[in-house]
Amino acid sequence: MSFHIEAKAGEIAESVLLPGDPLRAKYIAETFLEDAFCYNQVRGMLGFTGTYKGKRVSVQGTGMGMPSASIYIHELINDYGAKNLVRIGTCGAIQENVKIRDVIIAQAAATNSSIIRNDFPGFDFPQIGNFGLMKDSYEIGVEKGLNLHVGNVLSSDLFYTDDTEAFLKLGKFGVYAVEMETAGLYYLATKFGVKALSLLTVSDHLITHEQTTAQERQTTFNDMIEVALETVTK
Ligand SMILES: O=P(O)(O)O[C@H]1O[C@H](CO)[C@@H](O)[C@H]1O
Ligand SMILES: O=c1cc[nH]c(=O)[nH]1
């Protein structure tokens with residue numbers, strides 16, 4: 001048991017999928033895992049462990065933003081021994097060639113958060129994903145025929161901003177999309193020597209203003225979920 005997770009020792013697998021939405025964790029456990037059980041209900045931040053193609057996998061909601069996600073990531077690594085952490089999130093596209101429902105493999109994450117800057121004053125410390133997980137997920141995504149993009153994303157502290165132009169300027173510098181957790185995940189994975197990757201499905205578009213529904217965001221990003229499951233059980 002840790003401060004925010006009530007699982008007993010051994011109840012969480014070494015490979016953990018990390019959706020922001022705890023109801024997406026429940027959907028994944030019910031739809032994709034066998035023999036799944038719920039190990040966490042503290043604060044409604046649901047976590048489940050089951051098997052996928054015979055291999056143990058957990059799925060843990062993280063909440064929105066790096067302060068919340070960092071709590072779960074920290075405890076999963078340090079209190080439960082998680083070794084492979086794959087975020088499965090939604091994001092907003094900030095480039096025209098990225099379309100709604102495309103899947104982005106976050107090679108790296110820029111951020112406007114101070115959580116990294118605080119540890120390295122005066123330095124820009126790039127947040128990068130694990131190459132092995134990235135290579136495997138890319139190959140699996142290509143085999144599935146997905147519309148994939150591999151590259152930089154922005155992890156923003158804020159969802160609502162008065163300065164969308166700043167996001168769109170980053171789009172012009174090759175950043176595909178904005179979301180709110182990847183830089184924090186990559187930072188903690190680097191700090192504690194474990195592997196991490198972020199897979200993101202485009203749920204809305206900051207240029208065209210297209211959107212998916214809340215129901216779709218909660219449940220229907222099956223392609224990304226399958227790529228994540230296949231990657232961590234490869
Ligand atoms: O769909 P999730 O994983 O929650 O990710 C994105 O959605 C939330 C904002 O709506 C933020 O957490 C952002 O990163
Ligand atoms: O953080 C996020 C997530 C989805 N869409 C956005 O525009 N921002």
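Whatever order the structure lists ligands and atoms in, that order sets their numbers, starting from 1. Fair warning: this is a prediction, and the values are worked out from it, not measured in the lab. Along the sequence shown, the residues carry numbers beginning at 1.
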For residues 139-149, please give each side-chain donor-acceptor pair under 3.5 Å, one per line with the distance, not counting sequence neighbours.
from	atom 1	to	atom 2	distance (Å)
Glu139	OE2	Lys135	NZ	3.3
Lys144	NZ	Glu226	OE1	2.7
Asn147	ND2	Asp102	OD1	2.9
His149	NE2	Asp102	OD2	2.8

Q. Can Met64 be reached from Ile73 by stepping across I, L, V, M, F, W or Y side chains whose heavy atoms are under 4.5 Å apart?
A. no

In ligand 1, the atoms that come under 4.0 Å of a heavy atom of Phe159 are 9 (C), 10 (O)

the protein heavy atom lying closest to atom 8 (N) of ligand 2 turns out to be Phe159 CE1, 3.5 Å

In ligand 2, the atoms that come under 4.0 Å of a heavy atom of Leu206 are 7 (O)

Numbered in order shown, the ligand 2 atoms found under 4.0 Å of a heavy atom of Gly92 are 4 (C), 5 (N), 6 (C), 7 (O)

Numbered in order shown, the ligand 1 atoms found under 4.0 Å of a heavy atom of Glu179 are 14 (O)

Candidates Met180, Arg24, Arg87, Met66; heavy atom nearest atom 5 (O) of ligand 1 found on Arg87

The closest protein heavy-atom partner of atom 7 (O) of ligand 2 is Asp204 OD2, 2.9 Å

Near Cys91 (heavy-atom distance under 4.0 Å), the atoms of ligand 2 are 3 (C), 4 (C), 5 (N)

The atoms of ligand 2 lying under 4.0 Å from a heavy atom of Thr90, numbered in the order shown, are 3 (C)

By side chain to side chain donor-acceptor pair (under 3.5 Å), Ser58 pairs with (sequence neighbours left out) Thr49

Check this for me: does any side-chain nitrogen of one of Glu230 and Lys53 sit under 4.0 Å from a carboxylate oxygen of the other?
yes

In ligand 1, the atoms that come under 4.0 Å of a heavy atom of Thr90 are 1 (O), 2 (P), 3 (O), 5 (O), 6 (C), 7 (O)

Atoms of ligand 1 under 4.0 Å from any heavy atom of Gly89, numbered from 1 in the order shown, are 3 (O)

Near Met180 (heavy-atom distance under 4.0 Å), the atoms of ligand 2 are 1 (O)

